[in-house]
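What you see is a predicted model, and the numbers here were worked out from it, not measured in a lab.
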Amino acid sequence: MSYERLTAENAAVLFVDHQTGLANGVQTQSPPDFINNVKALVTITQIYNLPAVITTSAADGPNGPIMPVVEQGLPKAAIVHRPGQINAFDNKDFAVAVKATGRKKLLIAGISTEVCVAFAALSALELGYDVYAVLDASGTWSKLVEEAAIARMVQAGVNPITWVAVGAELLGTWQSSTGEAHAKLMGDHLPFAGYNLAGYLSIKGQA
């Protein structure tokens, strides 16, 4: 199987049901870690100018509105409010919005991993997309449930990935024009990277 890398020209990001009510049920990560990871994926989307589609399920009900970190971070993203379809791709407007990105590779994150992410990922595969499940920007209420979802997706051909790997593959080289912004991303969202960067800048400033 050939290795075709993620690039700023071939990838789009789908945020599926990152809603405040649903986020209250995420127990596979601590709330601060989950928000940090979602925000990191949002920032990657900004840095690399990736097209994004945000979708909600019954946002006017208990699932709640879009998480502020997603909606405020991506003001130009297409937003599709689904009235009831559980699988996002069962909603025509969502499917059209995804196709309109013109991208072959889809980075999918959402709540919950076994339903909102898995169903969309499996449907995207069926439609011919190359699909990546961004697992740390997704969540659910049980590790067992999460493991079952990952196994199902991987068996079907979905690529499991994390935001750090997404960002690194898009960056390619630190000599890129996005290198400085990417370094800030790492420092902001990975504590050890932030400490390393602060130490380096401190020493550099003393030189």
Side-chain angles (χ1 to χ4, degrees), residues 6 8 11-57 59 63-77 79 106-118 120-121 132-147 149-150 153 158-171 174 176 178-201:
L6 292 166
V13 190
L14 311 185
F15 292 87
V16 184
D17 299 354
H18 284 92
Q19 296 170 247
T20 57
L22 293 174
N24 289 330
V26 173
Q27 298 181 36
T28 46
Q29 304 179 54
S30 70
D33 284 344
F34 180 59
I35 292 173
N36 176 73
N37 292 336
V38 173
K39 187 174 181 180
L41 184 60
V42 167
T43 303
I44 287 169
T45 306
Q46 296 169 335
I47 291 172
Y48 295 96
N49 197 28
L50 303 178
V53 180
I54 300 168
T55 184
T56 69
S57 174
N63 289 353
I66 302 167
M67 292 170 61
V69 68
V70 175
E71 186 170 32
Q72 294 173 12
L74 298 169
K76 296 180 180 179
I79 299 177
L106 301 182
L107 299 159
I108 304 179
I111 311 169
S112 63
T113 309
E114 80 283 8
V115 175
C116 304
V117 176
Y132 298 73
V134 189
L135 296 172
D136 52 356
S138 305
T140 188
W141 41 83
S142 161
K143 279 290 185 183
L144 175 61
V145 168
E146 182 178 67
E147 289 167 4
I150 294 169
M153 288 189 283
V158 175
N159 302 289
I161 201 165
T162 63
W163 71 259
V164 172
V166 169
E169 196 157 316
L170 290 168
L171 176 63
W174 287 106
S176 165
T178 57
E180 186 174 345
H182 199 98
K184 185 178 187 306
L185 162 80
M186 298 293 286
D188 288 346
H189 295 284
L190 281 182
F192 83 87
Y195 301 147
N196 289 348
L197 182 61
Y200 168 74
L201 292 175

Worksheet item: Of Thr28, Thr140, Val26, which is the lone residue that meets side chain to side chain contact (heavy atoms under 4.5 Å, CB included) with Thr113?
Response: Thr140
Practice prompt. Mind checking the CG-OG1 spacing from Leu185 to Thr178? Nearest 0.5 Å is all I need.
Written response: 10.0 Å
Worksheet item: Does the side chain of Ile79 reach to within under 4.5 Å of the side chain of Glu71, using non-hydrogen atoms?
Response: yes
Item to complete: Work out which heavy atom in Ala137 is nearest to a heavy atom in Ala109; give both atom names and the distance.
Response: O-CB, 3.5 Å
Discussion item. Please evaluate residues Thr56 and Asn63 with respect to the criterion side-chain contact (heavy atoms from CB on, under 4.5 Å), reporting the C-alpha separation (whole Å), side-chain torsions for both, the decisive distance (0.1 Å), and the verdict.
Written reply: CA-CA 8 Å; Thr56 69; Asn63 289 353; over 6 Å; no
Worksheet item: After noting the C-alpha distance and the side-chain angles of Met186 and Val164, does the key distance pass the side-chain contact (heavy atoms from CB on, under 4.5 Å) rule?
Response: CA-CA 8 Å; Met186 298 293 286; Val164 172; 4.2 Å; yes
Fill in: Sub-4.5 Å side-chain heavy-atom contact between Val69 and Phe34
no
Worksheet item: Should we count CD of Glu169 as having more than 12 external heavy atoms under 6.0 Å?
Response: yes
Fill in: pair Val166-Tyr132: side-chain heavy atoms closer than 4.5 Å
no
Practice prompt. Kindly say whether Asp136 contributes a backbone atom to a donor-acceptor pair with the side chain of Asn37 at under 3.5 angstrom?
Written response: yes
Fill in: Closest approach of Val42 to Val70 (non-hydrogen atoms, all atoms of both residues)
CG2-CA, 4.1 Å
Worksheet item: Using the ring of each side chain (for Trp, its six-membered ring), is His182 parallel, tilted or perpendicular to Trp174, with breaks at 30° and 60°?
Response: perpendicular
Practice prompt. Kindly give the heavy-atom pair with the smallest separation between Gly64 and Thr20, and that separation in Å.
Written response: CA-OG1, 3.7 Å
Worksheet, complete the sentence: Rounded to the nearest 0.5 Å, the CG atom of Leu74 sits from the NE2 atom of His18 at a distance of 10.5 Å
Discussion item. Just so I know, are the side chains of Ile111 and Cys116 near enough to count as touching, which here means a heavy-atom distance under 4.5 Å?
Written reply: no
Practice prompt. Answer yes or no: is there a side-chain heavy-atom contact under 4.5 Å between Trp163 and Val38?
Written response: no
Discussion item. Once rounded to the nearest 0.5 Å, what's the spacing between atom CD1 of Ile108 and atom CG of Asn159?
Written reply: 10.5 Å
Worksheet item: Which atom pair, heavy atoms only, marks the closest approach of Ala59 to Gln19?
Response: CA-NE2, 3.6 Å
Item to complete: Supply the atom-to-atom distance Leu135 CG to Ile150 CD1, rounded to the nearest 0.5 angstrom.
Response: 4.5 Å
Fill in: Distance (rounded to the nearest 0.5 Å) between Ser142 OG and Glu147 CD
8.0 Å
Worksheet item: Any side-chain heavy atom of Val117 sitting closer than 4.5 Å to one from Val158?
Response: no
Discussion item. Would Lys39 and Asp188 count as a side-chain contact (heavy atoms from CB on, under 4.5 Å) here? Give the steps.
Written reply: CA-CA 10 Å; Lys39 187 174 181 180; Asp188 288 346; over 6 Å; no
Worksheet item: How about Thr45 and Phe15: do any of their side-chain heavy atoms sit closer than 4.5 Å?
Response: yes
Worksheet item: In Å and rounded to the nearest 0.5 Å, what is the OG to CG distance from Ser138 to Asp17?
Response: 11.0 Å
Worksheet item: Do Leu22 and Met67 have side-chain heavy atoms sitting under 4.5 Å apart?
Response: no
